[in-house]
Every structure is written in C-alpha cells, then in structure tokens.
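What you see below is based on every heavy atom in this structure, not just the backbone, and it leaves out hydrogens, waters and symmetry mates.
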Amino acid sequence: MTSRGWTIHFLIYTIEAVKKQWRGAPALRPRSILLAIAAVIGLGGLAAGLTRLGVWSPVTGARLADHHGTLMVLGFVGTLAGLEAAKGRWRYVAPAGTLFASIALMAGAPLPLAAGTYVAAMVILMGAYVADSRLIEALGAGAGAGAAVLLCRDVAPEDIALWWVSFVVLIVVGTIDHALRDDERAFWGALAVLVATAWSAIAASGTRALGACLLALVGLALAGNRRAVGAESTPSPEKTLSPGDKLSPEEGPHAATITSSGNVMLGILSGYLWVVVAAGVLLLADDWRTGYDIVIQAIMLGFLGSMILARVPDAALTRRTLVPLLLLDSGVIIRIIGTLTGSVSAMRAGVIAAAFGFLAILVIALRQENT
C-alpha cells in the first residue's frame with residue numbers, strides 16, 4: 001500500500017475514533033472552541049510537515065511546509081499557553097493574537113504581519129506569567145518572543161529551532177509539572193536554558209550548554225516529583241482528591257498535584273525521556289543540525305504529546321486511552337531510526353504513526369476539557 005493509501009486508512013480510522021470519543025459529550029464552551037481552533041492549527045502544521053517527507057496530507061503548499069514548525073510551536077502551543085494563563089478582562093488577548101498570526105500565516109499574509117503579531121502575543125503572555133509569579137513559564141514566553149523575532153527576519157527553521165525547543169520545554173514543564181512550582185533552583189535552571197539558547201546562536205559551545213541545562217532541568221523535575229510522591233504516601237489530615245472530585249473555585253486550577261496519578265506519571269516520564277534524547281543530541285553531536293530531525297521529533301511530538309496526556313485527570317485515563325501514547329512513542333522511535341539509517345519508508349511510517357497518536361491524544365484532552 002502506498003503512503004497515500006496508508007494515510008487515508010489512518011485518517012478514516014481516526015475520524016471514527018473521534019466520533020466515538022465525542023458521542024454523548026455536552027455542548028462546547030467558548031474556551032473549548034478556542035482550544036479546538038488551536039488544535040486545528042497544530043494539526044495543520046503537523047500535516048504540512050508530512051508533505052516535507054513526500055507523504056500525502058490534506059495540507060499542501062510550500063509556504064506552509066516551510067513554516068509548519070512555527071504553526072506547531074507558536075500557533076498551537078502558544079495558544080494553549082495563552083488560554084491556560086488567561087485571567088481578567090483581557091485574558092484572551094494573547095491567545096487571540098497567536099490564533100490571528102497563525103491564520104494569517106496559513107492564508108499567505110505578509111510574513112512581517114504574522115511574525116509581529118506573534119511577538120506582541122508572546123510579550124503579553126510573558127507579562128501575564130510575571131504578574132502571576134509563574135517565572136518559569138515567563139522565561140518560556142521570552143524564548144517564544146525570541147523565536148518570533150527571528151521569524152520576522154525570515155531565517156531558516158534550523159536557526160529558530162532551539163528557541164522553539166526552549167519555549168515548548170519551559171512552558172510545558174512550568175504549566176504541567178507542579179513539583180517545580182516552589183523550587184527556586186528550577187527558576188535558575190530555566191534561566192540557564194534561556195541563556196544557553198541565546199548563546200547557541202553565537203557559538204557551537206552554546207548548543208552543548210543548552211543540552212546540559214535541559215538535562216539539569218529534567219533532573220530537578222524528577223527529584224521534585226520523587227519528593228512529592230513520597231509526601232503523598234505519608235498520611236495527612238489534609239483533604240485529598242478522589243478521582244471523581246472537582247476543585248472549587250477557591251482551590252484554583254493548579255491545586256491538585258499531578259504526581260498523585262500513576263498513569264499521569266507515565267506521561268510525565270515519557271515526556272522527560274524525550275527531552276533527554278534531544279539533550280543527548282545537543283551534547284554529543286559536533287553539529288547539532290545533523291540531528292535536527294531527531295531533536296524536533298523528540299520535543300514537538302514525543303515530549304509535547306506525552307505531557308498533554310499527562311494533563312488529563314486520572315479519572316479519564318484507562319488502558320485504552322494510553323494506547324495513543326504507545327502509538328506516539330513508537331512512531332517517534334521509528335521516525336528516529338529512519339533518520340539514523342536513511343530509510344525514507346521508516347521515516348514516513350514513523351511520522352504517520354506519531355501524527356495519529358498525537359491526534360488521538362488531542363481528542364482525549366479536548367473531550368476532557370469539555371466535561
């Protein structure tokens with residue numbers, strides 16, 4: 001069967017899965033609609049990336065293929081971050097900016113318009129994080145602003161990619177892994193990641209420094225989760241949440257610790273393993289651009305998809321819903337093997353499997369958001 005045939009086959013299968021997931025779900029809320037638009041943009045970027053490997057996808061066009069990374073990172077992740085951090089009367093300014101910039105980029109608008117809007121949205125997002133004392137995410141938004149500035153100059157994706165990596169890692173780690181929230185060392189580790197990213201644009205040694213900083217941040221995160229798990233195993237008179245409980249408005253969206261769930265912890269560990277893979281390439285390769293595909297696949301698919309699944313409450317996770325994580329990870333592994341061996345067929349098969357695993361995870365997350 002040709003790559004087009006396999007893609008159509010998986011697309012039909014995924015549509016049927018989406019119908020089953022959404023059957024009986026309540027009406028969409030405005031936030032869920034914005035999340036769905038962000039998901040469409042992310043999938044558009046993912047589909048545009050497929051065309052670079054010669055795989056049939058519903059999205060075509062050289063410009064979209066060239067900017068698929070920007071759509072995935074600033075468009076998709078940036079919008080999710082803006083919605084998650086949204087507060088007050090102007091809470092939707094940042095996500096609206098990233099959505100507008102992404103739609104403009106996809107519609108063929110002048111690049112400075114889309115890039116300038118991304119810059120403005122990232123600056124607003126940074127301010128929102130600082131106001132909420134979420135400094136790790138604020139540093140991540142700073143990396144996003146750096147990526148948008150480079151986009152204004154229309155530089156090659158390889159020269160923006162490390163800014164994408166820092167943006168995604170810092171935003172996602174700060175948002176999802178609550179074990180780092182009160183760890184001052186995590187802030188300094190995140191700052192080191194941002195400084196090393198800027199350094200890598202000047203000297204090759206900065207790339208190795210970035211790899212080392214990413215490994216250090218993963219070490220801090222794992223140590224923090226281990227302490228949190230130990231604390232949870234100790235009896236406490238304080239209130240604990242059962243799978244069916246919901247947080248009150250006073251407790252806020254971040255009151256529950258993510259480390260209380262074995263299934264969710266699996267998503268976190270899978271995500272951090274992909275950061276280690278990307279960091280290893282940055283540390284060991286003489287020229288990290290030779291491993292560009294490995295770094296991008298590990299972070300943008302492996303890490304991001306795993307951590308999105310980790311955000312889903314444990315009550316919504318079953319063995320069946322963990323199958324997409326296995327499909328995602330297996331696909332990324334096959335994709336990397338294809339890159340290392342030069343096998344185009346393995347690269348295509350891997351990216352198709354990873355793409356549909358990622359799509360299935362998005363369906364699970366969006367459905368849970370609407371319950």
Side-chain angles (χ1 to χ4, degrees), residues 69-82 84-85 94 98 115 118-119 121-123 125-126 129-130 134-153 155-177 180 185-221 271-272 274-283 285 288-289 291-304 306-307:
T70 295
L71 292 174
M72 279 287 295
V73 176
L74 299 181
F76 175 58
V77 181
T79 302
L80 294 185
E84 192 276 336
T98 54
Y118 277 133
V119 172
M122 290 296 108
V123 171
L125 182 59
M126 192 189 316
Y129 282 134
V130 171
R134 297 170 60 179
L135 300 183
I136 295 177
E137 294 99 314
L139 293 171
V149 169
L150 291 177
L151 180 64
C152 287
R153 300 173 57 189
V155 302
E158 291 82 358
D159 295 325
I160 310 177
L162 295 183
W163 293 91
W164 292 340
V165 169
S166 296
F167 171 72
V168 172
V169 171
L170 295 181
I171 287 287
V172 173
V173 166
T175 300
I176 294 181
D177 199 340
L180 294 180
R185 296 174 301 172
F187 165 74
W188 292 110
L191 180 60
V193 168
L194 185 59
V195 171
T197 303
W199 182 11
S200 66
I202 303 173
S205 57
T207 303
R208 290 190 171 87
L210 177 58
C213 291
L214 288 173
L215 287 179
L217 190 64
V218 169
L220 287 172
Y272 284 143
W274 288 117
V275 176
V276 170
V277 170
V281 173
L282 298 178
L283 275 171
W288 83 273
R289 288 173 176 80
Y292 169 82
D293 283 343
I294 297 176
V295 172
I296 293 301
Q297 299 297 321
I299 297 297
M300 305 308 169
L301 288 179
F303 170 73
L304 183 57
S306 298
M307 298 299 267

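Checking Val295, Asp293, Thr207 one by one against Val281, the side-chain contact (heavy atoms from CB on, under 4.5 Å) holds for a single residue, Val295. For the side-chain contact (heavy atoms from CB on, under 4.5 Å) test with Thr98, the passing option among Leu74, Leu125, Thr79, Val77 is Thr79; the others fail.
The heavy-atom pair separating Ala190 from Leu217 by the smallest distance is N-CD1, 4.2 Å. Between Gly78 and Phe167, the closest heavy-atom pair is CA-CZ, 3.9 Å. The shortest non-hydrogen separation linking Cys152 to Val119 is SG-CG2, 4.3 Å. Minimum interatomic distance between Gly211 and Ala279 (heavy atoms only, all atoms of both residues): O-CB, 3.4 Å.
In this structure, Ser166 contributes its side chain and Trp163 its backbone to no donor-acceptor pair below 3.5 Å.
Proximity of Tyr129 to Ile171: side-chain heavy atoms (C-beta onward) are separated by under 4.5 Å at one or more points. Using a 4.5 Å cut-off on side-chain heavy atoms (C-beta onward), Arg289 and Asp159 make contact. Using a 4.5 Å heavy-atom cutoff, the side chains of Phe76 and Leu304 are in contact. Side-chain atoms of Thr70 and Trp164, non-hydrogen and from C-beta on, do get closer than 4.5 Å to each other. Thr175 is listed as a side-chain neighbour of Arg134, based on a closest heavy-atom distance under 4.5 Å. Two residues are said to be in side-chain contact when any heavy atoms from C-beta on lie closer than 4.5 Å; Val277 and Ile294 meet this criterion. The side-chain heavy atoms of Leu162 and Leu282, taken from C-beta on, include a pair separated by under 4.5 Å.
If you take CH2 on Trp199 and CZ on Arg208, they are separated by 11.0 Å, rounding to the nearest 0.5 Å. Interatomic distance, CG of Leu191 versus CG of Leu139, reported as 5.5 Å (0.5 Å rounding).
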